[in-house]
Number of protein chains: 2
Amino acid sequence: MKTPQDAFTTYLSEKNLKMTPQRRLILDTFIDEKQHLSPEELYDKVKKVDPSIGQATVYRTLKLLVEAGIVESLDFADGVSRYEVSWGEEHHDHLICERCGKNIEILDDVIEKRQEAIAKEHGFTLSHHKMYLYGLCSKCGRKRS
Amino acid sequence: MKTPQDAFTTYLSEKNLKMTPQRRLILDTFIDEKQHLSPEELYDKVKKVDPSIGQATVYRTLKLLVEAGIVESLDFADGVSRYEVSWGEEHHDHLICERCGKNIEILDDVIEKRQEAIAKEHGFTLSHHKMYLYGLCSKCGRKRS
DNA sequence: AGGTGGATGAATATGCTTCTCAATACGGGA
DNA sequence: TCCCGTATTGAGAAGCATATTCATCCACCT
């Protein structure tokens, strides 16, 4: 399996774009974090290594990483945009606590298969999907609202 | 079944808020459209009836309608925020063509049941969920990219 | 090594959404 | 029905995240 870094380099050269120290640093930093990061969080971490880097470069690189299929954007419905490294990771969806923000990654074969079947019924070729389950976790559920 | 308008009035009075001509007009306009609307589209339509209405009022009312459970926000991943009237409507998810924007409403019992089961396994009480399937519709799939 | 088109950082712009504030109007109570 | 307190409104300004501009820089092919 190609590493995300290799995949990114390949993607860039296919598009006649260039691998640069900044792009490399941004991807490496993201991978090290293994977390859901907002563009600003990522920018902060990257800046600790190379303070000269610009916000714009982080946004531009994030966009490229999404296009390259290495990173994907998330929507936790809390108004903050987030990304996670998806390359080489098994696909998963999210179960989110609306009170405390707790976030559980889930994967369910039954659902995945039904999604494919539904798409097929409508003549669609599925490229990806997003599923978010929102509710209260056991701890928060116990407390009164 | 209460109409959305009644439900809104009830919600407002519970919260010690007031029903106003603007709020009524915004909701009525939204219901007439029976479509996925962005705040701006809704604003444009409302303005045709009452040109004196302000954008802020549309945003404020939309927020109230979501809180009241009459309208829900959608995320078609195209950078535009949209809403749809959900009161009195059966819940559904969306199958979206990434090329032409075609949007099919879907509903699948198998998936809905699995979602509940998964939440339960993790001790969660589900309040709602979002599921979006992205891909190419039959027409767009035939054409080359 | 040299040339060229892409990449960068800083500042600025953009676009959507929210806030501020003074003026207005709803709606419960007399 | 009129009053009054409080929520609401419209307009403009502010915020915030993201995108763009532009002059300079540099990665990569030959």
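Just so we're on the same page: letters track the sequence lines, and every chain starts at 1.
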I'd like to check H129(A) versus H91(A) (side-chain heavy atoms, cut-off strictly below 4.5 Å). Are they in contact?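 A side-chain contact exists here, since the closest heavy-atom pair is under 4.5 Å.
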T125(B) vs E98(A) side-chain heavy atoms within contact, under 4.5 Å: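 T125(B) vs E98(A): side chains apart.
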Toward the 5' end of DNA chain C, which comes first, L64(A) or P21(B), by nearest nucleotide?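 Mapping each residue to its closest nucleotide by heavy atoms, the 5'-most match is L64(A).
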Under 3.5 Å, which N/O atoms of the protein pair with N/O atoms of nucleotides 17-19 of chain C?
from: dT17(C); atom 1: OP1; to: S81(B); atom 2: OG; distance (Å): 2.8
from: dT17(C); atom 1: OP2; to: Y59(B); atom 2: OH; distance (Å): 2.5

Which whole-number value in Å describes the distance from [X] [atom1] to [N] [atom2]?
X      : N       : atom1 : atom2 : result
L12(B) : dT6(D)  : CG    : P     : 19 Å
M19(B) : dT6(D)  : CE    : C1'   : 18 Å
L65(B) : dT8(D)  : CG    : P     : 13 Å
L27(A) : dA7(C)  : CG    : C1'   : 17 Å
R24(A) : dA7(C)  : CZ    : C1'   : 14 Å
L42(B) : dC16(C) : CG    : P     : 15 Å
K15(B) : dT8(D)  : NZ    : P     : 12 Å
I53(A) : dC25(D) : CD1   : P     : 17 Å

Could you see if Y83(B) belongs to whatever hydrophobic cluster contains F8(B)? Use Ile, Leu, Val, Met, Phe, Trp, Tyr and a side-chain cutoff under 4.5 Å.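 Result: yes, single cluster for both.
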If you count the non-hydrogen atoms of other residues, nucleotides and ligands that lie under 6.0 Å from CD in E40(A), is the total more than 12?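 Result for CD/E40(A): open.
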Counting only side-chain N and O atoms of [X], is one of them less than 4.0 Å from OP1 or OP2 of [N]?
X      : N      : result
T57(A) : dA7(C) : no
T20(B) : dT9(D) : yes
Q22(A) : dG9(C) : yes

Which residues satisfy the side-chain hydrogen bond (donor to acceptor under 3.5 Å, both in side chains) test with E121(A), sequence neighbours excluded?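 side-chain hydrogen bond (donor to acceptor under 3.5 Å, both in side chains) list for E121(A), sorted by chain: empty.
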Map N16(B) and V58(B) onto DNA chain D by nearest heavy atom, then report which one ends up closer to the 5' terminus.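 Nearest nucleotide further toward 5': that of N16(B).
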Consider the side chain of K18(B), meaning its heavy atoms from C-beta on, and name the nucleotide among dT9(D), dC28(D), dA7(D) that approaches it most closely.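 Nearest to the side-chain atoms of K18(B), counting from C-beta on, is dA7(D).
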What nucleotide, of dC26(C), dG5(C), dT9(D), holds the atom closest to the side chain of R23(B)?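 Nearest to the side-chain atoms of R23(B), counting from C-beta on, is dT9(D).
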Pick base, sugar-phosphate or nothing for P51(B), based on heavy-atom distances below 4.0 Å to the nucleic acid.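 Counting heavy atoms under 4.0 Å across all strands, no contact is made by P51(B).
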When rounded to the nearest 0.5 angstrom, what is the spacing between CG in D6(B) and CE in M19(B)?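 The CE atom of M19(B) is 9.0 Å from CG of D6(B), to the nearest 0.5 Å.
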Salt bridge between D109(A) and K113(A), side-chain N to carboxylate O under 4.0 Å?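 Salt bridge between D109(A) and K113(A), a charged N being under 4.0 Å from a carboxylate O: yes.
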